Amino acid sequence: MAGSGERAVRTRARLAALLADASTAALRAAGGRVAGVYLRDGDAPDFLRLAVLAGLPGPLSRPWWRVHVDRPFPVCDAYRLGLPVVLPNATEAVRRYPQFAAGLPFPFASVHMPVPGGEPLGVLAVLRPSAGDDRDEPLDRELPARLAEGLGTELLALAGGDRGAIVWDGEPHGVRPPAARPPKAAVGRFTWDPGTHAVRADDRLHTLLGLAAGDFAGTDTALAEALVPAEAYRVLAALRDTAAGKPPGAPLSLRAADGATRLLDLWPAADGGALPSPADGGAVARVGGVVFDPGRAALADGAADQLPQGVFCLDRLGTVVYANAAAARFAGRAREALLGRTLWEALPWLTGPPYDDHLRGALLSPEPVHFHVRRPGGADGGYDGFAVSVHPGDDLLTCTLVPASRMEAPGGPRPTGPAVAAGPSTAAAYRPIALTDAVTAQQVSAVVMQELLPAFGGRRLAIYLLQERHLHLAWESGFPPGFLEPFDGVALDARIPAVETLTTGRPLFFESMRQLAETYPGLPVDAEEGARAFLPLIASGRLVGSCVLGFDEPRGFSAEERTALTALAGLIAHAMERARRYDSEAALARGLQQALLPSRLSAHPRVETAGRYLPGTKGLDVGGDWYDVVESGDGLALVIGDVQGHGVQAAATMGQLRSAVRAFALGDRPPDEVLSGTNHLLIGLDPGQFASCCCLRLDPATGLTRIARAGHPPPLLLAPGGRARPLDIPGGVVLGVDPGARYPVTELILEPDAILALYTDGLVERAGADIDDGIAELRRALDRAGAAAGRRDGLTLSGVADRLTAAARHADARPDDVALLLARRLRHG
């Protein structure tokens with residue numbers, strides 16, 4: 001009889017097979033490139049874990065292996081709400097899920113279907129290429145919905161009806177999608193004579209182009225029209241440039257008449273074979289070329305081994321299934337060491353940011369990607385530079401490596417440095433971690449300007465926020481002084497790009513200032529040269545404002561960059577919304593705190609008092625520190641306290657304690673009875689909180705002071721002409737813990753001009769430091785402030801309070817709130 005461990009292994013294998021079948025079926029049903037199933041995490045039910053993934057190598061999906069159900073991701077909404085989430089294009093993804101779209105900055109569509117089982121058991125997700133970013137594409141929900149429903153039934157059957165057993169632990173199981181078509185040879189070679197225009201081709205080229213030998217006339221024009229009828233001029237121009245010693249920097253990607261992709265690579269060659277370097281840069285005798293289909297696997301028929309550039313193919317799990325001789329040579333490894341290994345094992349210098357982003361793009365979108373890379377370990381321990389092109393196919397990625405010696409052609413300059421990508425490094429370059437820490441509009445704008453915009457080569461930024469149907473300038477940097485003032489407060493009916501991008505919800509890209517001026521005649525421009533991008537700031541369907549990005553030079557915006565910048569705008573919008581909420585809630589919190597503190601302190605002609613309160617800067621919760629001065633008989637009661645914790649509950653408890661202390665003090669009760677009565681009240685209220693407190697009663701006529709404290713830091717006393725010292729006052733436990741607690745009273749005489757300082761721990765506690773060190777620092781500050789007051793240089797007790805709280809007021813972060821209460825007995829009433 002098999003043991004429980006064996007049964008668990010078999011059950012997991014059956015589960016993986018079931019999920020794999022559903023994923024591959026979903027790929028076919030939705031015309032997708034990538035599909036997967038999320039199940040609940042076995043260790044943390046509030047998380048979803050990617051169980052099976054088809055069509056994308058595991059390392060490229062690592063950021064999404066495990067997500068919290070409350071994350072703003074479509075898969076999480078589908079699971080939590082039990083409703084399908086359909087994103088027909090990247091624009092819709094950016095608007096609704098900017099964080100999700102930021103990791104996939106290229107055109108894509110997606111379907112996220114909950115797997116039913118009473119409550120959702122998981123989510124079936126499919127991603128597919130999107131032909132356009134600006135239109136909805138018909139996405140069939142019915143087939144994925146039926147697949148998800150069938151999967152739910154089979155999962156419950158496998159688990160014997162136990163929903164709790166349908167979980168996944170560990171990494172996702174990778175699935176290789178079924179081949180879209182049987183592999184066959186798909187490469188052909190030819191040579192071209194610039195003088196006679198004659199083309200000599202091998203039989204493979206005829207087969208690849210679907211032509212009989214007699215159908216091919218053998219001229220450059222016939223070759224160009226057979227390759228790409230609609231753009232034959234591109235082939236003819238590339239042939240002429242190569243004959244002049246300027247070959248393309250990377251293989252040309254052409255779209256054949258049947259819609260299939262063809263790759264064309266050319267090189268100057270005297271005999272159509274090896275790649276020479278023309279001595280004088282002039283014309284060469286012949287041009288060699290190769291045409292191949294990136295969607296077919298069997299390049300291993302020997303023809304590609306004669307190519308001067310490296311060619312290797314990856315399946316959709318990232319395994320190297322083919323490498324020609326040049327690719328192995330450029331990699332510095334034997335071909336056998338590449339085949340059958342994942343890209344991360346075989347060519348690690350082609351992995352990691354930003355290269356993983358490029359590979360994701362090629363696997364999820366139909367367009368090729370191009371970038372530069374330098375492989376370590378070149379001559380003299382340096383780097384070997386390559387231009388890399390990745391061409392997507394139905395079943396394979398075909399990758400080419402062109403050495404640096406060919407990168408001086410018009411295809412692009414030589415890269416510099418250890419690893420340089422062509423253009424922004426997509427999601428990895430602008431992944432907006434810093435935005436999560438920005439809590440004000442100024443902080444958000446500063447992060448965009450200093451950390452995100454430079455990744456795209458931008459130098460100018462303007463952010464407008466929408467208020468009462470007008471756009472108001474919230475931040476600007478890099479524009480000429482005063483240039484943006486006329487646009488501050490513009491109404492939503494103005495025909496300017498900053499308004500139209502918001503009202504239409506569509507980003508506007510202008511590759512030159514001339515293009516901007518022609519589109520908006522009469523619109524003032526801030527420069528003669530450059531490019532501009534106007535992006536809508538929309539958060540969860542709410543209009544937030546507009547973002548203007550400025551570039552010093554004219555430039556194009558690729559589809560990848562447009563999607564990336566649009567995703568960035570969505571993230572800025574959410575950060576601005578959060579900042580706006582923070583500002584309003586912070587103002588509300590400050591108002592509540594001020595309302596709970598005394599508007600004025602009770603006065604006596606022979607006693608001067610001063611109080612200060614500083615809220616904490618971490619979060620928006622109201623603190624629980626307070627102070628008060630109460631008339632008590634013919635004297636004054638001074639009290640300071642600190643309720644444990646923050647938030648509304650702490651504030652409510654603080655308000656109740658302050659009222660209780662005032663009631664007891666107004667009855668001229670001694671300090672120990674004030675604390676005992678407040679302690680019983682707090683225990684009776686049972687708020688689940690406790691508080692520290694220090695209470696004293698001062699007789700202004702005699703200076704007699706009686707002090708009691710409950711778990712509170714000791715007061716400081718600065719005698720006239722002396723040094724400040726902490727008072728040795730035995731105390732009781734904090735309020736709210738022990739109903740039988742006693743609070744001993746200590747008596748002292750407060751001399752005229754002496755200063756008594758009561759404070760909360762927020763003024764003396766520092767991270768990683770002992771509280772006694774903080775008290776000693778406060779004591780020295782009181783010495784210095786008291787000396788200044790003693791010199792009669794105009795420093796009042798209020799000025800002393802300002803000096804004692806100056807360091808806390810100017811600190812970058814206060815983890816706790818601060819309260820300070822000072823009292824000085826005057827010589828004359």
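Computed from a prediction, not measured in an experiment: that's the story for all the values here.
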Review point. Taking it one step at a time, do Leu314 and Tyr322 satisfy side-chain contact (heavy atoms from CB on, under 4.5 Å)?
Key: CA-CA 7 Å; Leu314 305 173; Tyr322 170 74; over 6 Å; no
Measure the [atom1]-[atom2] distance between [X] and [Y] for me, rounded to the nearest 0.5 Å.
{"X": "Leu127", "Y": "His112", "atom1": "CG", "atom2": "NE2", "value": "5.5 Å"}
{"X": "Asp41", "Y": "Trp65", "atom1": "CG", "atom2": "CH2", "value": "13.0 Å"}
{"X": "Leu48", "Y": "Arg40", "atom1": "CG", "atom2": "CZ", "value": "9.0 Å"}
{"X": "Leu50", "Y": "Tyr38", "atom1": "CG", "atom2": "OH", "value": "4.5 Å"}
{"X": "Leu350", "Y": "Leu401", "atom1": "CG", "atom2": "CG", "value": "6.5 Å"}
{"X": "Leu53", "Y": "Ser23", "atom1": "CG", "atom2": "OG", "value": "7.5 Å"}

Could you tell me if the side chain of [Y] sits less than 4.5 Å from the side chain of [X], heavy atoms only?
{"X": "Pro74", "Y": "Leu87", "answer": "yes"}
{"X": "Val388", "Y": "Thr400", "answer": "no"}
{"X": "Phe73", "Y": "Val123", "answer": "no"}
{"X": "Leu543", "Y": "Leu537", "answer": "no"}
{"X": "Ile166", "Y": "Leu156", "answer": "yes"}
{"X": "Leu549", "Y": "Leu535", "answer": "yes"}
{"X": "Arg341", "Y": "Val320", "answer": "no"}
{"X": "Pro59", "Y": "Thr351", "answer": "no"}

Which heavy atom of [X] sits nearest a heavy atom of [Y], and at what distance?
{"X": "Ala328", "Y": "Leu338", "answer": "CA-CD1, 3.8 Å"}
{"X": "Ser61", "Y": "Leu56", "answer": "CB-CD2, 4.0 Å"}
{"X": "Leu19", "Y": "Leu39", "answer": "CD1-CD1, 3.9 Å"}
{"X": "Ala109", "Y": "Pro88", "answer": "CB-O, 3.3 Å"}
{"X": "Arg333", "Y": "Ala346", "answer": "NH1-O, 3.0 Å"}
{"X": "Trp168", "Y": "Ala16", "answer": "CH2-CB, 4.1 Å"}

Exercise for review: For the pair Phe47 and His68, name the ring-plane relationship: parallel under 30°, tilted 30 to 60°, perpendicular over 60°.
Suggested key: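 Perpendicular, since the angle between the ring planes exceeds 60°.
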Distance-only, no hydrogens or angles: does the [X] side chain make a donor-acceptor pair with backbone N or O of [Y] under 3.5 Å?
{"X": "Arg506", "Y": "Pro536", "answer": "no"}
{"X": "Asn324", "Y": "Val311", "answer": "yes"}
{"X": "Arg316", "Y": "Pro57", "answer": "no"}
{"X": "Glu345", "Y": "Thr342", "answer": "yes"}
{"X": "Thr319", "Y": "Asp315", "answer": "no"}
{"X": "Arg128", "Y": "Leu27", "answer": "no"}

Review point. Is it true that Arg49 and Asp169 make a salt bridge, defined as a side-chain N closer than 4.0 Å to a carboxylate O?
Key: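 Between Asp169 and Arg49 there is no salt bridge, as every charged N stays at least 4.0 Å from the carboxylate O atoms.
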Practice item. Kindly indicate, with the supporting measurements, whether the criterion side-chain contact (heavy atoms from CB on, under 4.5 Å) is fulfilled by Val85 and Val75. Key: CA-CA 8 Å; Val85 176; Val75 66; over 6 Å; no
Check your understanding: Taking it one step at a time, do Asp46 and Asp70 satisfy side-chain contact (heavy atoms from CB on, under 4.5 Å)?
Key -> CA-CA 8 Å; Asp46 289 337; Asp70 290 331; over 6 Å; no
Practice item. Could you please spell out the steps behind the side-chain contact (heavy atoms from CB on, under 4.5 Å) verdict for Leu158 and Arg14? Key: CA-CA 8 Å; Leu158 180 64; Arg14 290 198 297 270; 3.6 Å; yes
